Amino acid sequence: MTIAYRQAVLKSGLRAALSPLIAVAAALTVGALLMLLAGASPIAAYSALFRQALTTYFGFADTLTKTTPLLLASLGVLVALRAGQFNLGAEGQIYMGGLGSLLVGLAFSDLPMVIHLPLALLGGFAFGAAWGAIAGYLKVARGLNEVLTTLLLNYIAQYLISYLVNGPLKAANAPSPFSELVAPSAYLPTILGKTQAHAGIFLGIALSTLLTLAFAITAWGYRVDAVGQNPVAARYAGISVNRTILQVIALSGGLAGLAGSSEVLGLKRRLFENFSPGYGFDALAIALLSRGNPAVVILTSFFFGMLRSGANVMQRSASVPVSIIYAIQGLTVLFVAISLALEQQVQSPKPDS
Amino acid sequence: MSELESGLRLVGITKQFGPFIANNSISLTVPTGCIHGLLGENGAGKSTLMNILSGLYQPDEGKIFLDKKPIDIKTPADAIKHGIGMIHQHFMLVPQLTVVENIVLGSADSLRLNIKAQAKEITQLGKDYGLEVPPLARVGDLPVGIQQRVEILKVLYRQARILILDEPTAVLTPAEITAFLQVLRRLAARACTIIFISHKLDEVMAVCDEVTVLRQGNVVATRAIAQTNRTELARLMVDRSVEINTRPIPQSAGKVILNLKNVWANAAAISAQSKTHAILALRGLSLQVRAGEIVGIAGVDGNGQRELADAIAGLIPIQKGTIEIGSEAAAQQPIAYIPEDRQQQGLILSFSIAHNLILKAFSKLPFCRRWILQRAEIAAHAKSAIQTFDIRAASAQLKAGQLSGGNQQKVILARELAGEPGVIIAMQPTRGLDIGAIAAVQQSLLAQRSRGAAILYISTELEDVMAMSDRLAVIYRGQLVDILEASSATLEQVGALMVGSTEIKESLATAEKLETGVSPEVKALETNSSATKGKGERL
Amino acid sequence: MSSIDFLTDFLSACLRLTVPLAFAAIGGLLSERSGVLNIGLEGLILTGAFASAAVAFSTQQVWLAIAIACCAGALMGWIHAYLCVSLNVNQLVSGLAINLTAAGLTTYGARLLFNTGTVALPPLSSLPIPVLQHLPILGVFFQQDLLFYLLLLLLPASTYGLFHTQWGLSLRAVGNAPKAADTAGVSVARIRYVSVILCGALCGLAGAYLALVHVQFFAENMSAGKGFIALAALIFGRWHPVTTTLACLLFGATEALQLRIQAFGLNIPYQLLAMLPYITALFALAGLAGKATPPAALGLPYAKEKR
């Protein structure tokens, strides 16, 4: 390996790391302009946001709480992305995962936690995976693009949950639509006293590590990447592309389902109507921002979690509406897309066809 | 360089792609009404030069003069404005649109399309030049020869006076070629200026007035056809006097390894190109290939070659019949498949060379143990493959997309030929490669033949496939029309078979009729098109 | 309620619910026919809805509001075109970015502008056509607002435009074989820009209709998946304006039906009914599978000097 080649690799790696940062900075800048538009001070707002999200005990715990579902769902979207599939259905899969975990959580009351909790998580994974597999099946067997089917399935899942907690699953005498509490043996334990931060974050970090390893050294990761990079060549080499796609979309749905599980088993301990405030769509932004790298997802999710957790305090102390963070998130994706494109244009053309 | 009254002159055209110089200060003069040949091997820079003339590429340096005036060609629209029309090697037609729509696309000055009036106009134009086409047929449904007429009409409709034809005969049958060359002469007689790009010496000798030879982006020589000959042009084209006479040394073939009996298959859905040939597939094809034998498949593109290869490789299902593969050596990898499109089907361009080399075997020992990829094994394998197949790359970690075409093909060969395969399918394995790489590909296949592999060599280049084969099968509309001994077959004989033995007379008649009036082929298409017309606009 | 009354009422609801879908779907169809995938319809509609609400709220000028909605949609469309055509960004990612950005910006804008809560907007008055409006049942077609009539005009106009004009021919060529179109002297970039911007403008109209006619206020994410349903409709309608509009009518009718059933007080949970349009769209797509051929170059960026 020549030195020049090493340098080239290093350079492109640096650029890959730098451009998402620039994109985030640009989005925050536009966000600042929007705050000025509202007559607020961006400096005050941002410092309130980040101080709350990072430096206060409860704020930090809240950041972890918000990071957990984002991390799990993003891992799901990312796995699909590695196989060239756009899973825009993480939101629906979160709902179904929450349902799966709730059902397992309600079904048993005398199991030991070491059995009940994993079982409840598995239930969430299975429901999410099954929901994802619908889109996977439609793609593989009927040639339907996954983008639109996953989007439509989101609405169906959301209404389904809404129906269930208003009807069959509604807790007795509940004032508003929510279910009964799951059995304590299925709780994801709290990790910081007196806060809502729960052990779901460890699950996310563990899965992220596992996926990083899987893509780096296993034959499975190689297969998924081969299918994602050139499905035609993969097919010619004897790889079953359809099976891989189905498998990956199901796994993707399962991981997003775990995000729902963590909300139900760790945070709410029961199922609420509309319990996901758009985590599934944030997850897409996070996966894109992380460039398909499952380790980077931890950082990116944490950043998005921070925005969500600090926003309320920012609204109170700097009177900037919470919704500014949605604008910032959207703009981040926009700028990431632009930076990706510009980066491709910078790369030198091929020497020969 | 002589001053010319009217015509086209290029001066010092240079074009670089990154570090690769495709055109190096090329100058060229073509007087009006002259057919000028542009001769050169693949990669000599012919296509780049013509893409500059037609406005697809911008030259880095140099000037273009038309009738003594300097002109600037920034876009294809500019080229059209100056009366320069290009007929590309790969047709620039929209298969989903009709003939008329393709011809008038981008040309009209009015907002409204008047298909009926334009169809009439185009039919008349076609009659004038002996280029009949069915105006309302969908282009994707037409045979290649007719599609080419559409291409030429498209250019004539725009009143082009300068026609550039890039390898126009590559997709035509011998009979169609004869007719086509006559059309060119007729166009020249009507004061069209024609640049005829080819690497086929016979055609250039037959139709051109003058010829310029390119080699590695440089002009080597310009000659009047009357004052040169085949031998000289061949010597000019190739820098060293290479004899690519690869005709294999006769060897007695062994047992039957690959046995196809009455195979029927639908068109392959796996590669994008095959979509347009959805009608053609395999229709009761039988073939045997023995150990130590190369069987060539000759035929015009799109007659079922792709489906044949894909069916044997098990990539598409067969409707009827059997494919038996009996390999004596219990080879790990019974079938090696060198697909026709290196970049789309053969390689993952964003993967490293090392990872491309294990694409078929990545989940097996020694590359994978207990689900974990074995780095050391993979690296060692890559190192030895790079040496054995002479892949020119600084590192095995280099991405396949960074390699030249020849080296990409070598990576595929290294992967497919590993593990002593019993059956090898090579689909257009030398297409678009330079001479050195072609020799390397042919040598490795011949080595496999002496080892005892059964090889199916599919190519649309007649000389190529004849040179490599022991036996030569000709495919036409999904059937093998004949199987010949390659050593005794002649070019004319095979060429005639390529259009279907039963239809040879008819196609010759077509060629003659072109002189006088409407050909039966076109008439048949007219009726076809009116039948499909009923379905209306395909959505 | 008599059955005539019910039918009239139902038909009128169908039409009202179809109009925004159809505007967006025809817009999306133009974009996709030119080869630019547009999952950003949702965001474009939302942009139009917000822009029209903001202008109507501050000026009380309905027509100005509609014009601005059109422009705002076109502007967002231009961004999508810039990303997809000039920068060759992955068209899915770009559409997604449009959706997320539009959702964020409009939510934020709504908080700033309408912080008093929901505000009623001036309505777009209907323009009944004399005599015809009194026809039984069918009369509802003739007591609509101008946007509805505009849609009725848009249908033949877009069909004619696509299949009988140079522009339409170029558009279809660019969407199927951009390189062939380029060599024939058609500017691929220009055609795609125009199509995507037009798509944005039409989605802007769809949004304006939602905000000014449907509900007469602006609510966060009020497009509620209409953009995605429109996408399903244009696929189901096989990229043809007429069939696409019929598909929109089908989805509109499903939604109207679920609203009517709710109004009837039948004992079917509202959520299950609310799923209907999405389930219909899903089944429509699944039933169609393999039969619809999208434009051949859909989703593929076109780069000129690529070797």
Side-chain angles (χ1 to χ4, degrees), chain A residues 1-10 12-13 16 81-84 140-143 210-244 247 291-292 343-353, chain B residues 16-20 22 43 47 269-272 310 313-315 333 335 337-339 341-351 355-356 358-364 367-375 378 394-398 400-408 412 415-416 432 434:
Chain A
M1 203 184 290
T2 64
I3 293 169
Y5 177 69
R6 270 173 199 275
Q7 275 175 344
V9 168
L10 199 69
S12 73
L81 219 50
R82 287 290 281 252
V140 169
R142 319 232 43 178
L210 204 66
L211 279 176
T212 308
L213 275 177
F215 280 114
I217 62 169
T218 70
W220 177 82
Y222 176 93
R223 179 156 60 95
V224 171
D225 277 343
V227 169
Q229 296 293 321
N230 186 348
V232 177
R235 172 102 171 74
Y236 269 84
I239 295 173
S240 169
V241 174
N242 278 350
R243 214 185 58 209
T244 307
Q247 208 180 64
R291 299 287 188 87
E343 204 179 300
Q344 271 165 10
Q345 288 184 354
V346 167
Q347 276 165 12
S348 56
K350 280 176 210 160
D352 190 329
S353 68
Chain B
Q16 256 182 293
F17 292 98
F20 175 74
S47 295
I270 171 167
S271 54
D310 285 353
L315 291 169
Q333 188 186 338
I335 297 183
Y337 186 5
I338 298 152
D341 186 334
R342 284 187 287 283
Q343 307 201 340
Q344 282 298 312
Q345 301 163 340
L347 293 169
I348 296 180
L349 297 179
S350 56
F351 274 19
H355 270 182
N356 267 295
I358 60 164
L359 193 57
K360 263 188 160 169
F362 73 94
S363 58
K364 296 181 198 120
F367 304 126
C368 175
R369 205 181 298 259
R370 289 178 203 282
W371 303 302
I372 307 290
L373 292 177
Q374 302 300 308
R375 262 166 194 263
I378 294 169
S395 147
Q397 294 310 311
L398 219 60
Q402 294 170 298
L403 298 177
S404 70
N407 283 312
Q408 288 180 343
I412 296 176
R415 180 180 74 216
E416 297 296 327
D434 59 53

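A, B, ... follow the sequence lines: proteins, then strands. Residue 1 opens every chain. Source: prediction; values computed, not measured. As a basis for the values below, the full set of heavy atoms in this structure was taken, side chains included, without hydrogen atoms, waters or symmetry mates.
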Note to self: At a 4.5 Å cut-off on heavy atoms, which part of B:I372 comes close to chain A: side chain, backbone, both, or neither?
What the structure shows: both

Next item on the list: For residues A:Y222 and A:F215, establish whether the separation of their ring centroids is below 6.0 Å.
Entry: no

Notebook entry, point to check: Looking just at side-chain N and O atoms, do A:R223 and A:Q247 make a donor-acceptor pair shorter than 3.5 Å?
Noted result: yes

Next item on the list: Please lay out, stage by stage, how B:Q408 and B:L349 fare under the test side chain to side chain contact (heavy atoms under 4.5 Å, CB included).
Entry: CA-CA 9 Å; B:Q408 288 180 343; B:L349 297 179; 3.8 Å; yes

Checklist line | Option in B:F367, B:F362, B:W371 with maximal non-hydrogen atom pairs under 4.5 Å from chain A | finding: B:F362

Notebook entry, point to check: Tell me, side chain or backbone of A:I239 under 4.5 Å from chain B's heavy atoms, or both, or neither?
Noted result: side chain

Notebook entry, point to check: Counting N and O atoms only, with roles assigned by atom type, does the side chain of B:R415 sit under 3.5 Å from a partner on the main chain of B:L359, one being a donor and the other an acceptor?
Noted result: no

Check: Between B:S363, B:S350, B:C368, which residue shows the highest count of heavy-atom pairs closer than 4.5 Å to chain A?
Finding: B:S350

